[in-house]
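Both backbone and side-chain heavy atoms feed into the values below; hydrogens, waters and symmetry mates do not.
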Amino acid sequence: MSRMTYDRSAGLVETARALADGEITSLALVEQALARIEGAQDTLNAFRIVRTEAALAEAAAADARLAAGERAPLLGVPVAVKDDMDVAGEPTAFGCQGEFPAVARDGEAVRRLRAAGAVIVGKTNTCELGQWPFTEGPAFGATRNPWSPEHTPGGSSGGSAAAVAAGLVPAALGSDGAGSVRIPASWTHLVGIKPQRGRISTWPRGESFQGITVNGTLARTVADAALLLDAASGNHDLDPHRPPAVDASAAVGRDPGRLRIALALKPPFTALPARLQPEVRARVVELAEKLGALGHTVEEADPPYGQIGLTFIPRATAGLAERVREAPFPALLDRRTRDAARLGGLLGGVPLRAARRAEAVLHRRIGGFFSSYDVVLAPTTAAPPPRIGAMLKLGGLATDRAMIAACPYAWPWNVLGWPGVNVPAGFVGDGLPVGAQLLGPANSEPLLLSLAAQLEADLRWHEAWPPERVALDSPAA
């Protein structure tokens with residue numbers, strides 16, 4: 001073996017290649033990943049469950065398969081998944097308090113990762129039932145941002161984002177119901193893919209949160225995020241949404257051509273005020289200027305969102321009510337959770353059916369916008385990451401106000417079910433990351449990824465790492 005020490009800057013693509021070429025063993029990779037996770041856990045607190053013994057056994061099995069000449073896209077590579085996904089033999093607490101039983105079977109996304117050869121080293125922290133853009137709570141404490149431990153990495157896939165941003169794992173799965181992949185990706189300087197609804201199965205649920213929540217990927221590079229997307233993509237036989245297959249990794253190497261890009265800076269309609277902070281606006285505009293310099297036509301234009309928020313709320317709250325009804329320890333749930341679930345119970349009949357029917361109308365109206373433009377470029381958030389604890393103790397309305405003020409841009413694409421990709425847009429203030437979204441119509445992941453890869457080749461955002469004071473992994477870092 002020419003290299004038995006893992007370099008935390010090695011991404012998913014490079015790690016998979018090194019394993020296939022015999023440059024390192026899966027056991028060495030997984031041992032070093034587990035050491036980094038342990039070293040960072042007291043400070044970053046990215047993981048709810050670390051699968052030490054199981055992951056080491058899976059790594060040894062992967063090495064035997066590699067030695068026998070077997071090849072698979074992620075054979076022996078350590079990855080993490082969010083704790084709303086079922087991993088056989090582990091509980092799925094989804095940010096909630098209480099002792100949860102181990103589940104019997106992998107969810108479909110995890111099953112497909114295993115079929116691609118991945119070693120699941122652990123399950124990452126998420127806020128209670130994935131509701132908020134922070135990853136904190138009494139069940140597990142606070143997950144912190146590797147770029148600034150006083151700040152949140154975002155949510156609800158904050159544990160996955162923190163783990164990847166700190167180099168604990170090369171990539172991770174998250175889920176996105178109102179920006180829960182894209183928001184933490186933006187606040188930790190990562191690429192975050194929210195794919196087309198159904199691209200990555202949410203089974204054993206045919207739909208998650210009435211179809212607004214999808215599984216997605218977080219990584220440092222577009223190629224790594226695309227590789228994980230390809231590995232996790234596919235459907236269970238009973239999935240209601242089965243989009244046509246795409247080859248995300250192949251798209252990364254393609255020239256996107258000259259595109260018409262709409263710079264959409266105006267927040268979509270919300271009942272509460274939201275304002276794009278000037279320093280975040282400046283970073284997104286700089287990204288738009290870079291796209292112009294790369295040969296694309298960029299002009300300010302906002303999609304015709306209309307009153308799209310009126311369709312989001314019934315779906316989100318009714319979906320939450322379903323989860324709360326299933327919760328084994330309802331008395332331990334946050335009061336905000338219980339209140340939102342009660343609202344969902346009220347909206348779960350006629351309003352929910354009307355909201356679901358409205359999706360086809362929105363598809364036609366907003367889809368028409370893509371006859372004039374190929375891609376929408378929008379801020380991912382209106383503000384940089386808040387400080388730890390800023391939203392934890394707020395009441396329901398105050399939490400809603402704070403969430404909408406910080407994160408008014410991501411959720412419409414969850415209603416539509418279409419793809420979006422967060423790309424790093426730079427830093428504000430004292431070095432806090434912010435991001436921008438590339439948004440497209442149905443099944444447009446290849447176009448969005450080819451454009452994101454073109455930006456990455458020019459801006460090389462993956463070369464920036466959190467400062468050494470918070471690089472909390474093992475000496476092998």
Side-chain angles (χ1 to χ4, degrees), residues 1-42 44-83 85-90 102 106 109-125 146 159-174 217-220 224 227-228 231-232 471-477:
M1 301 290 176
S2 63
R3 184 182 69 184
M4 292 302 294
T5 299
Y6 172 81
D7 178 353
R8 70 169 184 160
S9 68
L12 200 67
V13 172
E14 184 180 348
T15 300
R17 182 205 54 77
L19 280 161
D21 290 351
E23 295 178 12
I24 193 165
T25 65
S26 179
L27 191 59
L29 277 173
V30 170
E31 285 175 342
Q32 291 159 29
L34 292 169
R36 286 193 306 279
I37 291 166
E38 181 181 5
Q41 189 64 9
D42 285 348
L44 293 184
N45 187 29
F47 283 81
R48 182 79 182 257
I49 294 168
V50 182
R51 303 180 68 246
T52 302
E53 291 184 11
L56 292 172
E58 290 168 18
D63 283 331
R65 293 167 63 188
L66 286 161
E70 187 176 341
R71 296 295 178 263
L74 297 180
L75 186 52
V77 180
V79 300
V81 301
K82 183 177 177 178
D83 192 29
M85 301 179 193
D86 287 351
V87 175
E90 309 292 350
D106 291 332
V110 172
R111 188 191 73 77
R112 287 180 177 270
L113 283 186
R114 288 195 198 275
V119 176
I120 312 296
V121 294
K123 301 185 73 180
T124 57
N125 278 327
S160 287
V164 175
L168 309 184
V169 289
L173 284 185
T217 64
L218 295 115
R220 297 182 53 80
D224 288 349
L227 176 58
L228 192 64
L472 300 164
D473 41 3
S474 70

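Note that the CD atom of E53 and the CD atom of E58 stand 12.0 Å from one another [nearest 0.5 Å]. Rounding to the nearest 0.5 angstrom, the gap separating the CG atom in N125 from the CG atom in N45 is 5.0 Å. Here CG of L218 is found 11.5 Å from CG of D224. Values are rounded to the nearest 0.5 Å. A distance of 11.0 Å separates CZ in R71 from CZ in R65, rounded to the nearest 0.5 Å. A distance of 12.5 Å separates CD1 of I120 from CD1 of I49, quoted to the nearest 0.5 Å. L29 contributes atom CG, which lies 6.0 Å from atom OG1 of T15 (distance to the nearest 0.5 angstrom).
Nearest heavy-atom pair across A40 and L168 is CB-CD2, 3.9 Å. The heavy-atom pair separating I24 from A28 by the smallest distance is CG1-CB, 4.1 Å. Taking all atoms of both residues into account, the shortest heavy-atom contact from M85 to K123 is O-NZ, 2.7 Å. Heavy-atom minimum distance, L74 versus A231: CD1-CB, 3.6 Å. In terms of heavy-atom proximity, P170 sits nearest to G11 at CB-C, 3.8 Å. Heavy atoms only, all atoms of each residue included: A55 and V119 are closest at O-CG1, 3.5 Å.
The side-chain heavy atoms of F47 and Q41, taken from C-beta on, include a pair separated by under 4.5 Å. When side chains are defined from C-beta on, V169 does not count as touching V79, because their heavy atoms never get closer than 4.5 Å. The closest side-chain heavy-atom distance from L113 to L228 is below 4.5 Å. Inter-residue side-chain proximity for L173 and K82 is flagged as unmet; no heavy-atom pair is nearer than 4.5 Å. Counting heavy atoms from C-beta outward, D106 and D86 have side chains that stay 4.5 Å or more apart. At least one side-chain heavy atom of R51 sits less than 4.5 Å from a side-chain heavy atom of V87.
In this structure, E38 places its CD atom where only 12 or fewer heavy-atom neighbours from other residues, nucleotides or ligands lie under 6.0 Å away.
Side-chain atoms of R36 come within 3.5 Å of backbone atoms of Q32 as a donor-acceptor pair (strictly under, hydrogens ignored).
Test L19, V77, L75, L56 against S26 for side-chain contact (heavy atoms from CB on, under 4.5 Å) and you get one pass: L19.
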